[in-house]
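Structure record follows, encoded as C-alpha cells.
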Amino acid sequence: MFSFGIGLLLLLAQLQPKAWDVEFMLAAAQRLSPRALAGARALQTVLSAALGADDDERLRLVNQFYNRRIEFREDIDVWGQADYWASPLEMLDKGRGDCEDFAIGKYFGLLATGMPVAKLRLVYVRAQLPGGGAPQAHMVLAYYAQPGAEPLILDNLTPDVRTASRRPDLVPVYSFNSEGLWQGAGDQGAGDPVARLSRWRDVLQKARAEGFQ
C-alpha cells in the first residue's frame with residue numbers, strides 16, 4: 001500500500017518505547033491529501049534518523065524539518081479564523097502554519113523519537129521582533145536536558161537551536177506540555193493543561209488520532 005522502506009520504519013518504531021504508529025499515521029495522512037501523505041513520509045524518514053541519535057541531534061533534525069518544510073502564515077490566512085492550533089498532519093497537509101503549529105509539530109515529533117515529555121515544554125512568550133515595535137505574542141518549544149537547566153529553544157524565527165540566554169528577545173509568559181502547566185518557564189505550577197487549555201486538549205486528541213503517542 002505504501003512505498004518501499006515502511007517495513008524498516010515499522011521495525012525501528014517497535015524498538016522504541018515512545019514511538020509513532022507508522023501505518024496509522026500514513027493512513028491518517030492519506031485520508032487528508034496527497035500532500036499530507038508526502039509530508040508524513042518525509043517526517044517518518046527524519047524520525048527514523050533521529051531514533052538512534054543523541055538529544056542534540058534529535059533537536060536539530062526535527063527543528064530543521066519543520067523550519068524548512070513549512071511556510072509561516074497567520075491562522076486567518078490558512079484556516080480563516082484568528083486562532084487555530086493545527087495537529088502535525090494538518091500542518092503538513094497545508095504546508096503552512098503559524099508559531100503554535102511549528103511548536104506543536106516539533107513537540108510531537110520529538111516525543112515520537114522517544115524523548116521524555118519532562119524534557120519538553122511549549123512556551124508562550126512575548127517576542128520583540130526585529131524592527132522594534134510592541135512585543136508580539138509568540139510560541140516556541142523549549143528543551144531541558146535536566147530539571148532546572150537552561151533550556152534550548154526551537155523557534156520558527158531562527159534556523160538553529162539556541163540556548164535561552166541567546167534569546168533575550170523572548171519573555172516567557174507560561175509553559176506547558178501534556179503533563180503540566182507552569183507560570184513562565186519556571187517550576188510554579190498553574191493547573192492542569194488539558195483542563196485549562198481547550199485548544200491544547202483538542203490538539204492532543206487529534207495528534208493521537210494521527211498515530212502520535
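Note that the numbering runs from 1 along the sequence shown for the chain. Quick caveat: nothing in here was measured; it's all calculated off a predicted structure.
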Please give the remaining members of the hydrophobic cluster of Phe24, linking ILVMFWY side chains under 4.5 Å, ordered by chain and number.
none
Partner residues of Tyr107 under the ring pair (Phe, Tyr, Trp, His ring centres under 6.0 Å) criterion, sequence neighbours left out
Trp200
Distance-only donor-acceptor hits, side chain of residues 93-100, under 3.5 Å, sequence neighbours excluded:
{"from": "Asp93", "atom 1": "OD1", "to": "Ser33", "atom 2": "OG", "distance (Å)": "2.4"}
{"from": "Asp98", "atom 1": "OD1", "to": "Glu100", "atom 2": "N", "distance (Å)": "3.4"}
{"from": "Asp98", "atom 1": "OD1", "to": "Asp101", "atom 2": "N", "distance (Å)": "3.3"}

Phe212 versus Leu111: any side-chain heavy-atom pair under 4.5 Å?
no
Sequence neighbours left out, what passes salt bridge (charged side-chain N to carboxylate O under 4.0 Å, His left out) with Arg73? Give chain and number order.
Glu71
Looking at residues at least two apart in the chain, or sitting in another chain, which of them share a salt bridge (charged side-chain N to carboxylate O under 4.0 Å, His left out) with Arg31?
none
With sequence neighbours excluded, residues passing side chain to side chain donor-acceptor pair (under 3.5 Å) with Asp202
none
Going by ring pair (Phe, Tyr, Trp, His ring centres under 6.0 Å), name the pairs with one or both residues in residues 26-61, residues two or more places apart or in two chains.
none
Distance-only check: which donor-acceptor pairs under 3.5 Å involve side-chain atoms of residues 124-137, not counting sequence neighbours?
{"from": "Gln128", "atom 1": "NE2", "to": "Gly133", "atom 2": "O", "distance (Å)": "2.8"}
{"from": "Gln136", "atom 1": "NE2", "to": "Ala134", "atom 2": "O", "distance (Å)": "3.0"}

Once salt bridge (charged side-chain N to carboxylate O under 4.0 Å, His left out) is applied, do any residues pair with Asp77, and if so which ones, sequence neighbours excluded?
none
Nonpolar side-chain network containing Tyr84, other nodes, edges under 4.5 Å
Val78, Trp79
For Arg60, what residues pass the side chain to side chain donor-acceptor pair (under 3.5 Å) criterion, not counting sequence neighbours?
Glu57, Gln64
For Arg69, salt bridge (charged side-chain N to carboxylate O under 4.0 Å, His left out) partners two or more places apart:
none
For residues Ile70 and Leu157: do they belong to one hydrophobic cluster (side chain heavy atoms under 4.5 Å, members Ile, Leu, Val, Met, Phe, Trp, Tyr)?
no
